[in-house]
2 protein chains.
Amino acid sequence: MGWEYYRSFLAVLTEGSLSAAARKMGITQPTVGRHVSALEAAFKQVLFTRTPSGLVPTDAANALKGYVESMQSTAAALEREALSQEQGVQGTVRVSTSEVIGVEVVPRALARLRREHPSLKVELMATNRVQDLLRREADIAIRMSPPRQEALVARKVGHVELGLFAHADYLAERGMPAAITELETHALIGFDEETPFLRAARAKFPVWSRDALTLRSDSDVAQLAMIRAGCGIGICQSALARRDERLVRVLPDAFSFLLETWVTMHGDLRGSRRCRAVFDALVKCMQDHIDA
Amino acid sequence: MGWEYYRSFLAVLTEGSLSAAARKMGITQPTVGRHVSALEAAFKQVLFTRTPSGLVPTDAANALKGYVESMQSTAAALEREALSQEQGVQGTVRVSTSEVIGVEVVPRALARLRREHPSLKVELMATNRVQDLLRREADIAIRMSPPRQEALVARKVGHVELGLFAHADYLAERGMPAAITELETHALIGFDEETPFLRAARAKFPVWSRDALTLRSDSDVAQLAMIRAGCGIGICQSALARRDERLVRVLPDAFSFLLETWVTMHGDLRGSRRCRAVFDALVKCMQDHIDA
DNA sequence: TCTTTTCCATACAAAAATGTATAGCAGATG
DNA sequence: CATCTGCTATACATTTTTGTATGGAAAAGA
């Protein structure tokens, strides 16, 4: 079975119609249709139900989605590697970080990197969804949990501390809470959605229940903006808060979290100059961030 | 860049010549040659040095090998899944186990499975090299270490005990050692090559040094055969030794290892009838083995 | 209700990929 | 030393794949 068909299959799966898939791939709609038909013939099953508004995947097609996605990300990584194999540090590197790190910390490192290596390109995926390095969704990742996968180059850069912070203006108006229980009367900023991490955190600090929060956002960055704007009290990396002298630590003794921080990279990229350069720069950047 | 070229590229890489690759893929040598040339043109670099005896990969080509291998195993897994999506338990499942488990334990489970599901095919990879489930090198794996990868269905089936064993005939001739130190005068069976596991084991039982071993083999199965043949004293799973009443435990109190045993499967296969059936059968098989 | 837009499917022409045949070369073999 | 066998590279014919053009059908908008 030719691999080329799988590309069309994935495009139809993600685009939802033969025409859209064809546009995206730079080929024509009949061709995509033929590819899908060829797959259906080979697998002896219907992969899409045809409708006038597009193709709707069957269960069988959805069961195959993960495989072709994996192939696609691997192929993309292959091309990044192949197109960067000339002398010097050049080519494209995909970096995956959490939202806050990607917005607040990494950019300064990238600026310096780009000055040193003008032909280096970096794709920054600032998302809290954990990317899979083994599936080549990214080349390098900065994560707050130790790597569970083998075959990775991993460097522990220390602990990021989380604390409660608020803007000085807010505290001047509402007063500085003296104990955890006083938080109930304050404007608390936190997450909207439940995640395993949040449940674990809540077990340690019951005050931080979803109902107690008056300002909710699923975006760390938005939460940080709210803290900076003096909306209330929220959780923030101490190292980030230190940058803004008007942000004041709240209840430093009662509330503190330490997150192990790792920079990880696929083992195969050990010999890749461009990835090694970005990896080293990110390690240094994170260490500077933590030590700041 | 068309994925189809990558297939040819990998075939040349593994076969060593355009002609051999073409034979393997069922196409002709000029076609494979054109594919390779197309890749070289696209990547603007030489991937192989042509010789009269074949194509020798350059460093650049070797750097890309891992990617295409990953794509290939994923494509193979996709086809296994696609060709097994009809009703009932059928299709192909790839199972990866250690050598001993694959040879001594699993086959009986497979026999029963095949009786219950005649149209089920199983590929058994009995190798001590750890297969990567995320890369789809196998669908299901039985491993002696807890899974370090997320997105896996994992079932702990208990502990396999390792002990020292010897054949009754050997012990009758050479005597039963009464203490660990007496092992030095015996014929010891063990591994030839150093592995991280062995280094860890040695730290606990210094007697088992490489020099002390008189019969060395890197194959667990061969070691087991030597023990059964009365060659000497070796390490063996207690559950396996129990099957042969003429195998006698040596120094049961001084030497005992417990290995956590896990059956693991890629999370995407949770809904796959054939994989679920094999998974359940293997879990039961391993539990029976351990409890025996 | 009619028009417009989007979609898929099909027939036919054009383009691209593949296969065939062959030449040339190096090493193994008698 | 000649022969044989493996390999790659190239020219040419063929097949396959792709693109173009068009028809029909369903949904969105006037």
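Below, chains carry the letters A, B, ... as their sequence lines are ordered, and counting in each starts from 1. Being a predicted model, the structure only gives us computed values, none of them experimental.
For DNA chain C, the residues of residues 40-58 of chain B within the heavy-atom distance limit of 4.0 Å (strictly under) are B/P52, sorted by number. Near DNA chain D, meaning a heavy atom under 4.0 Å away, the residues from residues 13-33 of chain B are B/S17, B/L18, B/S19, B/R23, B/Q29, B/P30.
Between B/I101 and B/M144 the shortest side-chain heavy-atom distance falls below 4.5 Å. Side-chain contact check for A/V122 versus A/T92: every heavy-atom pair is 4.5 Å or farther apart. Between B/L282 and B/V95, some side-chain heavy-atom pair lies under the 4.5 Å cut-off. B/V153 places none of its side-chain heavy atoms less than 4.5 Å from the side chain of B/L269. Put simply, the side chain of B/L224 reaches to within 4.5 Å of the side chain of B/E104, judged on heavy atoms.
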*Could you walk me through whether B/E81 and B/R274 pass the salt bridge (Lys or Arg N to Asp or Glu O under 4.0 Å) test, one step at a time?*
CA-CA 9 Å; B/E81 179 67 23; B/R274 70 188 203 289; 2.9 Å; yes
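Looking only at atom types and distance, the side chain of A/R143 has no donor-acceptor partner in the side chain of A/S98 under 3.5 Å away. With hydrogens and angles left out, the side-chain atoms of B/S53 and B/T51 include a donor and acceptor closer than 3.5 Å.
Taking the ring centroids of B/F43 and B/F9, they lie at or beyond the 6.0 Å cut-off.
Contact annotation: A/H35 reaches the phosphate of D/dT18 (side-chain N/O to OP1 or OP2, under 4.0 Å).
With a heavy-atom cut-off of 4.0 Å to chain B, the contacted part of DNA chain C has its first and last nucleotide at C/dT18 to C/dA26.
Atoms CG and CD, on A/L83 and A/Q90 in that order, are 9.5 Å from each other to the nearest 0.5 Å.
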